[in-house]
Colleague: 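Let me give you the structure first, and then I'll get to my questions.
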Amino acid sequence: QVQLVESGGGSVQAGGSLRLACVASRYASFLAWFRQPPGKEREAVAGTVFIGDTTLYADSVKGRFTIARDDSRKTVYLQMKSLKPEDTAMYYCAAGDGGGWIGRWKRENEYRYWGQGTQVTVSS
């Protein structure tokens, strides 16, 4: 099992920045960030593969968000810049084991472990 603890959420004005962190209780081959706006479906935002430090992004955040792991591979960050009101959502950290993540990372039912979520609110 993997325990995931998120932090760093908060309220900012449009154009501002936030940095989210997720600390995992053990190594996982793939770590990702999802978000769920109020009344909407959960969607994949970014993910990172251990091998080669490959990073993946949703088109809606590419160029504004950056995902990265620390040297221990147990902490994953989501640096969010140029935030927009449409970025407002509950942000969740998710972890998975095994391989093949590049082809399946956007499907939430592929993940066994989830954090409790951290709220991000962006005002105009």
Side-chain angles (χ1 to χ4, degrees):
Q1 65 179 38
V2 182
Q3 183 103 277
L4 303 171
V5 180
E6 301 118 321
S7 63
S11 299
V12 297
Q13 291 188 321
S17 300
L18 284 174
R19 189 192 192 200
L20 308 182
C22 172
V23 180
S25 60
R26 67 161 174 84
Y27 163 83
S29 61
F30 193 82
L31 291 170
W33 288 96
F34 282 70
R35 68 185 182 186
Q36 186 170 23
K40 295 181 172 61
E41 297 294 317
R42 190 175 296 181
E43 62 179 351
V45 176
T48 181
V49 184
F50 169 71
I51 300 175
D53 287 326
T54 301
T55 56
L56 303 159
Y57 298 95
D59 289 341
S60 60
V61 306
K62 194 172 297 183
R64 298 188 298 119
F65 291 11
T66 302
I67 187 170
R69 285 189 176 190
D70 69 1
D71 291 340
S72 73
R73 308 290 184 176
K74 294 182 179 179
T75 302
V76 64
Y77 302 94
L78 186 67
Q79 179 67 54
M80 305 184 294
K81 299 179 179 179
S82 300
L83 284 162
K84 305 174 181 179
E86 50 262 46
D87 294 319
T88 295
M90 183 71 75
Y91 283 71
Y92 297 91
C93 181
D97 294 316
W101 284 102
I102 293 175
R104 61 189 175 110
W105 76 280
K106 289 185 175 181
R107 300 192 291 268
E108 62 179 286
N109 61 2
E110 299 281 359
Y111 297 83
R112 183 174 181 180
Y113 308 106
W114 292 85
Q116 78 288 347
T118 185
Q119 179 68 40
V120 172
T121 302
V122 185
S123 59
S124 59

Colleague: State, with a plain yes or no, whether a side-chain heavy atom of Leu31 is found less than 4.5 Å away from one of Arg69.
Modeller: yes
Colleague: Say whether Val12 and Met90 are linked into one hydrophobic cluster, either directly or through other cluster members, by side-chain heavy-atom distances under 4.5 angstrom.
Modeller: no
Colleague: Strictly distance-based, threshold 3.5 Å: is any side-chain N or O of Thr88 a donor or acceptor partner for the main-chain N or O of Pro37?
Modeller: no
Colleague: Is it the case that the side chain of Tyr77 and the backbone of Asp70 share a donor-acceptor pair, with hydrogens and angles ignored and the cut-off at 3.5 Å?
Modeller: no
Colleague: Which pair of heavy atoms, one from Pro85 and one from Ser124, lies closest together, and at what distance?
Modeller: CG-CB, 3.9 Å
Colleague: Are any non-hydrogen side-chain atoms of Val49 and Trp105 less than 4.5 angstrom apart?
Modeller: no
Colleague: Using only atom types and a distance under 3.5 Å, with no angle test, would you say the side chain of Arg26 pairs donor to acceptor with the backbone of Gln1?
Modeller: yes
Colleague: How close do Asp87 and Ser82 get, heavy atom to heavy atom, and via which atoms?
Modeller: OD2-O, 4.4 Å
Colleague: Do the side chains of Asp59 and Lys62 get close enough for a salt bridge, i.e. N-O under 4.0 angstrom?
Modeller: yes
Colleague: Is the side chain of Ser29 donor-acceptor paired with the backbone N or O of Gly98 at a distance under 3.5 Å, no angle test?
Modeller: yes
Colleague: Any idea which heavy atoms bring Gly9 and Val120 closest together, and the distance?
Modeller: CA-CG2, 4.3 Å
Colleague: Report yes or no: is the cationic atom of Arg104 (NZ for Lys, CZ for Arg) under 6.0 Å from the centre of the six-membered ring of Trp101, at an angle within 45° of the ring normal?
Modeller: yes
Colleague: Is there side-chain contact between Cys93 and Trp114, with heavy atoms separated by less than 4.5 Å?
Modeller: no
Colleague: Once you measure the plane-to-plane angle for Tyr111 and Phe34, does it fall in the parallel (<30°), tilted (30-60°) or perpendicular (>60°) bin?
Modeller: perpendicular
Colleague: Among Glu6, Gln119, Arg35, which residue meets the side-chain hydrogen bond (donor to acceptor under 3.5 Å, both in side chains) test with Tyr91?
Modeller: Arg35
Colleague: List the atom of Tyr27, the atom of Asp97, and the distance in Å for their closest heavy-atom pair.
Modeller: O-OD1, 4.3 Å
Colleague: Hydrophobic clustering (ILVMFWY, side-chain heavy atoms < 4.5 Å, transitive) - are Leu78 and Val122 grouped together?
Modeller: yes
Colleague: Look up atom CD in Gln79 and atom CG in Leu20, then write down how far apart they are to the nearest 0.5 Å.
Modeller: 8.5 Å
Colleague: Rounded to the nearest 0.5 Å, what separates atom OG1 in Thr66 from atom CZ in Arg19?
Modeller: 10.5 Å
Colleague: Over all heavy atoms of both residues, which pair between Thr48 and Thr55 is shortest? Give the atoms and the distance, please.
Modeller: OG1-CG2, 4.1 Å
Colleague: Distance from Phe30 atom CZ to Thr54 atom OG1, nearest 0.5 Å?
Modeller: 9.0 Å
Colleague: Please say whether more than 12 non-hydrogen atoms of neighbouring residues, nucleotides or ligands are located less than 6.0 Å from CD in Glu86.
Modeller: yes
Colleague: Specify the closest pair of heavy atoms between Leu56 and Ile102, including all atoms of both residues, with the distance to one decimal.
Modeller: CD1-CA, 4.1 Å
